[in-house]
Protein chains: 2
Amino acid sequence: MDKDKLRRIALGETSAKLVLKNARIINVFSGTIETADIAIEDGIIAGIGSYEGIKEIDVCFSYVAPGFMDGHVHIESSMMTPGHFARLVMPFGTTTVIADPHEIANVCGLSGIQYMIDSAQHVPLDVKIMIPSCVPSTPFETAGAKILSSDIEKIKDDPAILGLGEMMDYPGVIHGDREVYRKIASVGMMPIDGHAPRLTDKELNAYVLAGMETDHEATTASELEEKVKRGMYVHLREGSQTKNVRDLLGGITHENHSRLLFCTDDKQPEDIISHGHISANINLAIAEGIDPIDAIKMATINIAQCYRLRHIGAIAPGYHADLVVFDDLHQIHPHLVFKNGVIVAKDGVALFQPPPESTHPLGQSVRFNPEAIDFRIRVTSNHVYAIELEKNNVTTKKTPIMIRTQSGCYIQDPASDILKLAVVERHQSSGRVGLGFVKGYGLKKGAIAMTIAHDSHNLIIIGDNDDDMRLSAKRIKEIGGGIVLAHDGHVLHQLPLEVGGLMTSTKVESLIFQLDHMKKMARKLGVNEAIDDPLLQLAFLSLPVIPSLKLTDHGLFDVDQFRIIPLEVEAK
Amino acid sequence: MDKDKLRRIALGETSAKLVLKNARIINVFSGTIETADIAIEDGIIAGIGSYEGIKEIDVCFSYVAPGFMDGHVHIESSMMTPGHFARLVMPFGTTTVIADPHEIANVCGLSGIQYMIDSAQHVPLDVKIMIPSCVPSTPFETAGAKILSSDIEKIKDDPAILGLGEMMDYPGVIHGDREVYRKIASVGMMPIDGHAPRLTDKELNAYVLAGMETDHEATTASELEEKVKRGMYVHLREGSQTKNVRDLLGGITHENHSRLLFCTDDKQPEDIISHGHISANINLAIAEGIDPIDAIKMATINIAQCYRLRHIGAIAPGYHADLVVFDDLHQIHPHLVFKNGVIVAKDGVALFQPPPESTHPLGQSVRFNPEAIDFRIRVTSNHVYAIELEKNNVTTKKTPIMIRTQSGCYIQDPASDILKLAVVERHQSSGRVGLGFVKGYGLKKGAIAMTIAHDSHNLIIIGDNDDDMRLSAKRIKEIGGGIVLAHDGHVLHQLPLEVGGLMTSTKVESLIFQLDHMKKMARKLGVNEAIDDPLLQLAFLSLPVIPSLKLTDHGLFDVDQFRIIPLEVEAK
C-alpha cells in the first residue's frame, strides 16, 4: 500500500483508481446519510467528498453501506465449502464473517480448521476464524478430534485467527474446570465468544467474569437486556432453525443498540438463497420497525467494534472499500457488492469462481461397521423419557412417555408419535451406539440418516424400523458421509458430503435442488409440518449443550443435569 | 488475582472482601439505572446482584457510576506534579487520565516522560501515557529536547504507554512529512491522538487516512459532526482557557454520542478546585440538557472504547472496581471514590499522600543570561503585525497595527493597547530571543515572566517596559523557573516551579493561593477583564500550532502560512 499516493488522492492532487460518484453513504458513525463520492485506491477508501477517478462508477444516488458482516457463523451449516459459501453469500452484501469452524474441527481437528483457513484464502470473502473452544462439546460424546488448550496455543498466532470460539461449556466455566480456564487464558487478550442459553444472575456474572464477551443464545428481550447490562455484546440470530431476531427486537433501545450484533449461526443454503444472508436479519429488523441505519450498524460497525477489527465496518478514510450498493433502504437487495474496492457480485451473481477442490480434501472421515449396529432398545420399564421437539428452536423438552415392549425390548407402535433415534460413533469405529426416543418428529415410515449431527457429527439416524435404519447407515458409509433417506428397503435419495461428511463442493444449485427434494420426501414420509426443516431438526438432536434432552453416542443426555441418564424414568 | 476465588464470589459461594450494598448503578451499556449490590475482590468487580461481603458499605441507594476518565490531559498544566494532581482530581471522581506529557517532554525529553510515569506509580490515579508526538511542536522554535521516531520506538513498549499523543503537526501529516509518518508507523496499532483545529473536507480525509483517531480541537457543532462522520472520536473539551463543551453540545445526537469523549486538555488547579475536574464537563452537559447517563458515558465507556482499554469505564463483572458514589444525578459531587476497590477520596478529600519528591527531580532546566537579552525591537516600518487576543480561546488574530518608533526602534505608547512580548530561549543558552507585539492584553505597567510557554516552554515575558522585563527574567533564572510579576523595579511575586520550570510539589492550597494573588496583581497592573486567566493566556502566545499568529524564540510565526514572518506588514 502506497501511503503517500493515498495521501495525495485524499487531497485530490492525484486521481484515484476508482471513484464511486454520487453515493448516498450510510454513515454508521453519525447515523446519517450523506451524498458524496468515495475515492478508492489499493482497496482502501482514501476520501469522502468530491473526487475524480481514473475509473468512475456513477451509482446515481443509490445507497452505499459498509460491507455486511456475520457476527457468528458456522460455514459448515451451509453444507458448502468456504469457496461455494462465499459465492452464495457475497451477492447479499456479506463481505466479512466471524466463522467458528467447530463442525469440521469436531471431525478433523486442527486439519479441519486449517482446511477452512486455506480454502477461504482463494475467495474474496473475509473469513475471520474463531478457534473452536469445545471440541468435543462435552466429554459425553465421541468426536473425531479433541482441541486442547495446547492446540489453541499452537494456532492462535496464525493471522487468520481472531479469537476463541463460543465457549459452550458454560458449566465448565461456572464450576471452574481447569482445562476450560487454560483455554480461555491461552488466547490472552483476543476476543472470546460466549454461548450461554438462559444463563442469568450470579451464574451469568461468573461466566462474564471469566472473559466471555458475547452471547448469541438470547431468546427473549429480557435475556438480551441482562446480558448487555453485564457487559456482553449480544447477537440477534436469524438462522434456519433458530430465529430470534423478532423476539429480541423489543430489547433494543437507543442506548444499548451499539452492543447488539447480527448473526446467522447456522443457515441452510436454501434459506440463504431464498431470504438472503445477514441481509435477512437487517431486512427483518427494518420490517419490524427498527431504523434502517441502526439495523445496518448491527451488521457492520458494531461487529467490528466487538471483535476489535480495525478499518472495516464503516465508510471512512483508511477503511477497506467493502461496500454494498442498493436502492431501497427498507428492503435491501444489493445490486453491487465491493470487497477491497473490487466488484465481487452484481445483481445477485458472484463474479468470482470457487477454488478447485480435490474430491476428499480431508480424506475419509466415516468409520463404522453398519452390519454390527444393534438397533434394539432394551429397557427395564415402559415408562421412559423421550426427546420432545420444540417449534422453531433447537431446544427440546424432557418428556416422560409410555412405550410398548416385547421381551424387554422396545417395539414400535404405529399409532404413536414416537420414533427411534440412534447416534452411531463414526470417527473411531468404536461400535458405540446411543439409542433413544423422539416425540413430535412425525416420520411414519422409513429412516433418515446423516453425518451432520451436532457437534461431534457422528451418524444420526431416525426411523420407524431397524431395517431402513441399517440400510441408510450402509449407504452413508458407501458415499463417505452425507444424507440418506430410505424407505421400505430402498434408498430414496443420497447426498454425498465429501468434505468431512459435512460439506460439498457440488454447485449450490444442485445442492439446493437435492435438499429440497429430500425435504419433500421427508414430508411424504410423514414428517410433521410444524417442523421447518426436517434435516436440520435432526442434526441438532445430538447437541448436548442446548437444553434440555439430547442423545449422543454415549446415550441419553440431560443437559440441565449435565450427565448421561437412563432411558427409564426413575421410580419415585 | 485468584480467578477461582473470584468465580466463587460471583456465584455467591464465598463472601467478597467488599460489597457495596444498595447501589443505584449507572449502567453505561444499557443506559439504565439498576439497584443492586456490587461484589468486589482484589480490586475487581466479581458480580452485580444480591451479595454479602466480609466488609459491607451500604451506600443507601446513592448512585454509583464507573470512575471518570479524562480523555486528554496535560497534567503539567495543573502546575502540579502527578502525585499532587492525583490528590486534586480524584475527589472529583477521576480515576483514569489519558495523559500526554508533552510539556515536560519539551523541556526534558524522554527523562521528562519517565519522570511522569514513575511519579504516577506512587498514587492510585491510573495515568495512561500517550507519547508526545510533536516535540518540539514545530521546527520554528527551540525546545529542551527533540522526540524522534527512534525515541518513540525506544519507549513504546513500556506498560505505562498507551499510544501516540496528539499529532499537532497536521501540516506535516497532510503534506507527507517522512519523519511524521515514521512516528505514526512506530506505534503500530496503538491509539493515535489527533489535533486538527478547523481541518475539513479533503485535508481532514488525508489526516484521518494517515491514522489519526481522535480530535479535541473542534469548536463548533458542525466541525464535531464532520469529524465524527470521518471516523474520529471527538473530545468535548472544557479546560481553563478553552471551553468548548457548550458550543459542541448541539452536535450530539443519539446516533453519534458513543463517538464523543470528555477531556480537559489544560486546566489550572484553581479551576479544578472550584469547578471540578472531568466532573465539570459532565455537570455542564447535564445542565445544558444532555441525559445524565449519556454525559457519564462520555467520561467513561466511550473513552475506554476509543483508547481500547479493557475492563475500565463500566460497572460489570471483570471490570476494575473504579467507582464514584454520589446522590444528585444532575449535579454530581462524589462523596466516595474508589480506585481498584479502595476508597481513595471521601467528601472532597483525597485519602492518600503524594509521593515524597526531591527538590529538583529533573535538575536545573533554566539556562539563559538575563543580562545579555536585547529587548529592543528594531523595525523598518511602523506598520507591523500584532498578535491580537480572542476571548475565551487560545486562538489569536493576525492584526496589522501602527506603532511609534524612534531611531528605528519601537517605543511604547502608553495610550495604546499594545505590549511588547519576548520569548527567550532557556534550554540551550543560545541567546536567541523572539520579539513581537500583543494587542488586547491590557497590562498598563510592569512585566510578567513565565517558564510555562507552550510548547517549548521557553521564557515568555510580556511588559510595557524593558527594565521590568529584564528584572523578571533575572528572578526567573534565580528561582530555577516559574512565574514572576515585576513592577516599577520591584518583584511583586514569584512562584517557583521547580520541576522543569513547569510543575511544583508545593501543596495545592498554597499553589492556588499564590496563583490567585498573582492574577489579582495582574488585574491591578491593568490586564483586561475580558481575559479569564492572565497567566494561561500568556502561556499560549508562543504555541505555533494554534492559529493564527504566535511568537517563538525564532520570531513571529504565522500559523496559517506555517512560517516565520517579519514583524512589518509587507508593502503591496
Side-chain angles (χ1 to χ4, degrees), chain A residues 3-4 6-12 25 27-32 34 39 44-51 173-176 178 181 185 189 201-211 225 228-232 253-256 258-259 291 293-294 297 305 308 310 314-319, chain B residues 3-4 6-12 25 27-32 34 39 44-51 173-176 181 185 189 201-211 225-226 228-232 253-256 258-259 291 293-294 297 305 308 310 314-319:
Chain A
K3 277 215 155 195
D4 203 59
L6 275 167
R7 181 185 63 78
R8 283 180 286 119
I9 289 165
L11 290 173
I25 298 168
N27 193 309
V28 294
F29 298 123
S30 61
T32 58
E34 58 177 329
I44 301 294
I45 297 168
I48 315 288
S50 176
Y51 284 99
V173 174
I174 291 165
H175 300 120
R178 290 200 178 178
Y181 278 77
M189 295 295 277
D201 200 25
K202 292 193 168 60
E203 292 193 330
L204 182 61
N205 282 337
Y207 190 69
V208 173
L209 180 68
E225 285 160 4
V228 167
K229 277 184 186 170
R230 294 299 162 259
M232 298 185 111
T253 67
H254 261 308
E255 293 300 330
N256 72 12
S258 68
R259 309 291 296 183
D291 176 81
I293 301 180
D294 285 354
K297 286 168 78 169
Q305 288 192 331
R308 306 195 268 287
R310 300 284 304 279
I315 299 176
Y319 278 67
Chain B
K3 278 215 154 198
D4 203 57
L6 275 167
R7 181 186 62 77
R8 283 180 283 118
I9 289 165
L11 291 173
I25 297 168
N27 193 309
V28 292
F29 298 123
S30 62
T32 58
E34 58 177 330
I44 301 293
I45 296 168
I48 314 290
S50 176
Y51 284 98
V173 175
I174 291 165
H175 299 121
Y181 277 78
M189 296 295 277
D201 198 26
K202 292 192 168 62
E203 291 192 333
L204 182 60
N205 282 336
Y207 190 69
V208 173
L209 181 67
E225 286 161 4
E226 185 185 3
V228 167
K229 278 186 184 170
R230 295 300 162 259
M232 297 185 114
T253 67
H254 261 308
E255 294 300 329
N256 72 12
S258 68
R259 310 290 296 183
D291 176 81
I293 301 180
D294 285 354
K297 287 169 77 169
Q305 288 193 331
R308 305 195 267 289
R310 301 284 304 281
I315 299 176
Y319 279 67

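In this text, all values refer to a predicted model and were calculated from it rather than measured experimentally. All chains are named by letter (A, B, ...) in the order of the sequence lines, taking the proteins before the strands, and each is independently numbered beginning at 1.
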I'd like to know if the side chain of A:Asn205 and the backbone of B:Pro317 have a donor-acceptor N/O pair within less than 3.5 Å. no
Do side-chain atoms of B:Lys202 reach the backbone of A:Ser50 as a donor and acceptor pair under 3.5 angstrom? yes
Pick from [options]: which one has the most heavy-atom pairs with chain B under 4.5 Å?
options                                : value
A:Gly211, A:Gly176, A:Ala314, A:Gly318 : A:Gly176
A:Thr253, A:Ile174, A:Ile315, A:Ile293 : A:Ile174
A:Leu204, A:Leu11, A:Ile9              : A:Leu11

Contact origin within [X] toward chain A - heavy atom pairs under 4.5 Å:
X        : result
B:Ile44  : side chain
B:Thr32  : side chain
B:Arg310 : side chain
B:Glu203 : both

Would you give the length of the straight line joining atom [atom1] of [X] to atom [atom2] of [Y], rounded to the nearest 0.5 angstrom?
X        : Y        : atom1 : atom2 : answer
B:Asp201 : A:Ile48  : CG    : CD1   : 11.0 Å
A:Arg308 : B:Arg308 : CZ    : CZ    : 11.0 Å
A:Ser258 : B:Gln305 : OG    : CD    : 6.5 Å

Can you tell which part of [X] gets under 4.5 Å to a heavy atom of chain B, answering side chain, backbone, both or neither?
X        : answer
A:Met189 : both
A:Tyr207 : neither
A:Ala210 : backbone

Taking all non-hydrogen atoms of both residues, which atom of A:Leu209 and which atom of B:Ile45 are closest, and how far apart? CD1-O, 3.6 Å
Here's a test for you: under side chain to side chain contact (heavy atoms under 4.5 Å, CB included), which of B:Glu225, B:Lys229, B:Glu226 qualifies with A:Ser30? B:Lys229
Could you go step by step and tell me if B:Arg230 and A:Asn27 meet the side chain to side chain contact (heavy atoms under 4.5 Å, CB included) rule? CA-CA 9 Å; B:Arg230 295 300 162 259; A:Asn27 193 309; 4.1 Å; yes
By salt bridge (charged side-chain N to carboxylate O under 4.0 Å, His left out) - contacts of B:Lys297 (at least two apart): A:Glu255
Sequence neighbours excluded, which residues qualify as salt bridge (charged side-chain N to carboxylate O under 4.0 Å, His left out) partners of A:Asp4? A:Arg7, A:Arg8
